[in-house]
Amino acid sequence: MRVDGRVVLITGASEGIGAACAGAFARRGARLALTARSREKLEQAGGSEALIVAGDLTREAVRRQVVDATLARYGTIDILVNNAGVGLYTAAWRASPEAARRMFELNFFALLELTQRVVPHMQRQRGGAIVNVGSIAGKVAFPWLTLYCATKYAVGALGDGLRMELRPYNIQVTTVCPGHVETGFGAHALEGGLPERIRRASKFSITAEQCAEAIVKGVERGARTVMTPRVGWLLVALHRLLPSLVDSQMARLYHAAEPPV
Ligand SMILES: NC(=O)c1ccc[n+]([C@@H]2O[C@H](COP(=O)([O-])OP(=O)(O)OC[C@H]3O[C@@H](n4cnc5c(N)ncnc54)[C@H](OP(=O)(O)O)[C@@H]3O)[C@@H](O)[C@H]2O)c1
């Protein structure tokens, strides 16, 4: 899909990958609608032209407002980038149910509801693109992020099914699977933090700008999956071929960093 002139709604656009996506789509001539909680940061990311809708996407009223305001301003939505997300670094067996629910509400249910609100417009115009920012953690489970992985596995499964559902309407569905991206994601986690030893083991970090560029190129070529950096496919392949080996290595790394109590 060509991006110039298209209306792109991006969630979580106030910083990190979402803000970088705003820049990458704008440079290609797209028209932007940006949402997140911080109005000030959204204004910095979008410049004077973008439509800004500030609000908490865990609230249904905000999800409705974002889509309605975008349609009121531009009359259409061509590309929905479901990017807003948050992490949780507590072991699944002792994480607070409230934090787990809040994370699912943002990472999965906000994404689902925005998709449900936008798809009928795309069906009427016989085309569009849904871009769901999942994670490599939606293909391989990491024990320091188990519940987060569950949200991203859900995002991946949703995208795979939706792609088939929406094929007759010429609506492409892309799942983005970043590895480690240098953003404030770790600091914004609802609980806990990435153990230092594991942080040091992340050899393949990319910048938010590199991630955004991969996302826009993925939309342009109608990609099913955007794995960024691509070396992530190696881990996915290893996990498919030798799951027990990957489990034991990952468990060893995790328990060395977070000794069992
Ligand atoms: N960084 C990584 O290593 C990495 C790797 C794989 C996948 N991802 C995924 O990439 C996406 C973006 O992450 P990031 O690294 O750019 O993280 P980030 O820098 O923490 O940005 C998260 C964005 O989501 C917004 N957000 C958070 N809670 C929100 C809420 N309740 N309502 C509305 N907006 C909310 C934040 O804005 P406000 O605070 O202004 O609301 C911010 O714009 C996430 O889905 C994440 O899971 C990240």
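When a ligand or atom number is given, it counts from 1 through the structure's own listing order. Numbers for residues simply follow the sequence, beginning at 1.
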Original post:
Heavy atom under 4.0 Å from ligand 1: found in His188's side chain, backbone, both, or neither?
Top reply: side chain
Is the closest heavy atom of [X] to ligand 1 under 4.0 Å?
{"X": "Leu106", "answer": "yes"}
{"X": "Gly179", "answer": "yes"}
{"X": "Lys41", "answer": "no"}
{"X": "Gly134", "answer": "yes"}
{"X": "Ala54", "answer": "no"}
{"X": "Glu182", "answer": "no"}

**OP:** Would you please indicate yes or no on a ring centroid separation below 6.0 angstrom for Tyr148 and Phe185?
**Re:** yes
Of the listed options [options], closest to [atom] (non-hydrogen atoms):
{"atom": "atom 35 (C) of ligand 1", "options": "Arg102, Arg37, Glu40", "result": "Arg37"}
{"atom": "atom 42 (C) of ligand 1", "options": "Ala13, Ser14, Ala36, Gly18", "result": "Ser14"}
{"atom": "atom 44 (C) of ligand 1", "options": "Val86, Asn83, Val133", "result": "Asn83"}
{"atom": "atom 14 (P) of ligand 1", "options": "Thr183, Ile10, Leu34, Leu194", "result": "Thr183"}

Could you list which atoms of ligand 1 come closer than 4.0 Å to a heavy atom of [X]?
{"X": "Gly85", "answer": "22 (C), 24 (O), 44 (C), 45 (O)"}
{"X": "Ser135", "answer": "6 (C), 7 (C)"}
{"X": "Asp56", "answer": "30 (C), 31 (N), 32 (N)"}

Counting heavy atoms not belonging to [X], are there more than 12 under 6.0 Å from its [atom1]?
{"X": "Phe104", "atom1": "CZ", "answer": "yes"}
{"X": "Arg199", "atom1": "CZ", "answer": "yes"}
{"X": "Glu40", "atom1": "CD", "answer": "no"}

Original post:
Would you call Arg64-Glu113 a salt bridge at under 4.0 Å N-O?
Top reply: no
